[in-house]
Amino acid sequence: MSDGIGLAETLLGLPGFRVLEVVEGDVEVVITIETTAAWAHCRSCGVRAEPQDRMTVDVRDLACFGRPARLRWIKRRWRCRESLCPARTWTETSEHVDAQMVLTRRAGVEACRQVGENARPVSQLADELGVSWWTIMNAVVEHGTPLVDDPDRIGVVRQLGVDETSFLAANRYHPTIYATGLIDLERHVVIDMVEGNSAADLRRWTANADPLWLAGITVVATDLAESFRAGLSPHLDHTRRVADPFHVVRVGNRCVDQVRRRVQNETLGHRGRKRDPLYRIRKLLLTGSERLDQRGSDRMLLGLRVGDPNDELLGAWLAKESVRDVYLADNPADAATLLDKAVVACAADDVAEVRSLGNTLASWRSEILAHHDTGASNGPTEGLNLCVKKVKRCGHGFRSWEHYRLRVLLHAGGITWPERKKPTRIRTRSPHSDA
Ligand SMILES: [Zn+2]
């Protein structure tokens, strides 16, 4: 059957196989193959085996010139001639096709890479290759798990970020389920994902981590969540805690929003509508004053004059700005002075929401100021949250936590994917012809 020069085998690229036939169907190319093995020895007694019969196994392989490919492997079955040998018959195996698998090994590895590295939907690959969703997902688990579990994936971590993301939105059966991401703030990779966002969830993870590895961590950046502060204890008590600037500013913004909604409701008796003065300036209120131009700040002040008769919202806005000012300070001493001023001003405010903001700031004082010493922030974490969300979106809602964790780590966990050599580039030809 062979063409004598191995053209088909070169195209197939599976060492140890011979191509018997290639048939092009409507939707796929069927390549019939057999191994080049001419003889075999019994694995049990070592006697030379004798051919028994053949069986056909169909597996999916990588697409062939843009068409789905089906390998039809005519497997040999061997028989041991020794009457006392327990081996009797067996079928041949290949490193390229795992037993009971629908995908060749190389197709499984590629599917894992597409789903992991490129965050592509499992269903898309299943359609493309012509296999079931589970076949692809199993390949992702099989080839992806060793990459995620590789002890070299996470080296020494000095700055750890802890941040929550939502895993499953609330529905009739359960409230929103959260996940906690652990991030290496220097390398910008997700170290692990923990199900849940409680102190106990975080503590369970640190309890299982290598104490030597934990000892290498010097800084931990979190949002202003008491659960995280509690969860870092006792295993990370030796670290410097930093409140992430992004989240500190967000607490100020949330205060502004709360007061705006309440004042809106009290003055007009309904929730914000398009033409309401406070609703119209809701975004300006959250913009940093240094980024407001004259027109913007005029509009904002006008909106406040009309919609905020008791200057409650103005007070909240000033408090929010005083929080932002802490981060504009150049040195730790100035930052401390500004933060203390902000706390005192908030405590003296008439508005309950602002006083509560002051309490939060006071409670997190040392963590907030630690940012100025360490420079640590979850800035990179927020970028990684986008990656996490991307994985989530393409999964169209996960049901399995383990699958979710695996896919997030494959995508954003600093995986070293097997190197793929780049072919030399074929350059664009100029349009003229010299014929
Ligand atoms: Zn034998």
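Both counts, for ligands and for their atoms, begin at 1 and track the order of listing. Since the structure is predicted, the reported quantities are computational estimates derived from the model, not experimental observations.
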Side-chain donor-acceptor pairs of residues 413-422 under 3.5 Å, sequence neighbours excluded:
unit_1, atom_1, unit_2, atom_2, d
Arg420, NH1, Glu110, OE1, 3.0

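With no hydrogens or angles considered, a side-chain donor-acceptor pair links Ser198 and Asp201 at under 3.5 Å. Side-chain contact check for Thr89 and Gln52: no donor-acceptor pair (N or O, by modelled atom type) lies under 3.5 Å.
Partners of Trp364 according to the ring-ring contact (aromatic ring centres under 6.0 Å, His included) rule, which considers only residues two or more places apart in sequence or in another chain, do not exist here.
Listed by chain and number, the protein atoms of type N/O/S under 2.8 Å from the Zn ion (ligand 1) are Cys42 SG, Cys45 SG, Cys80 SG, Cys85 SG; waters are omitted.
Enclosure of atom CZ in Arg280 is not indicated, since only 12 or fewer non-hydrogen atoms of other residues, nucleotides or ligands lie within 6.0 angstrom.
Every pair passing ring pair (Phe, Tyr, Trp, His ring centres under 6.0 Å) that includes a residue from residues 107-156 is listed here, sequence neighbours excluded: Trp134-His403.
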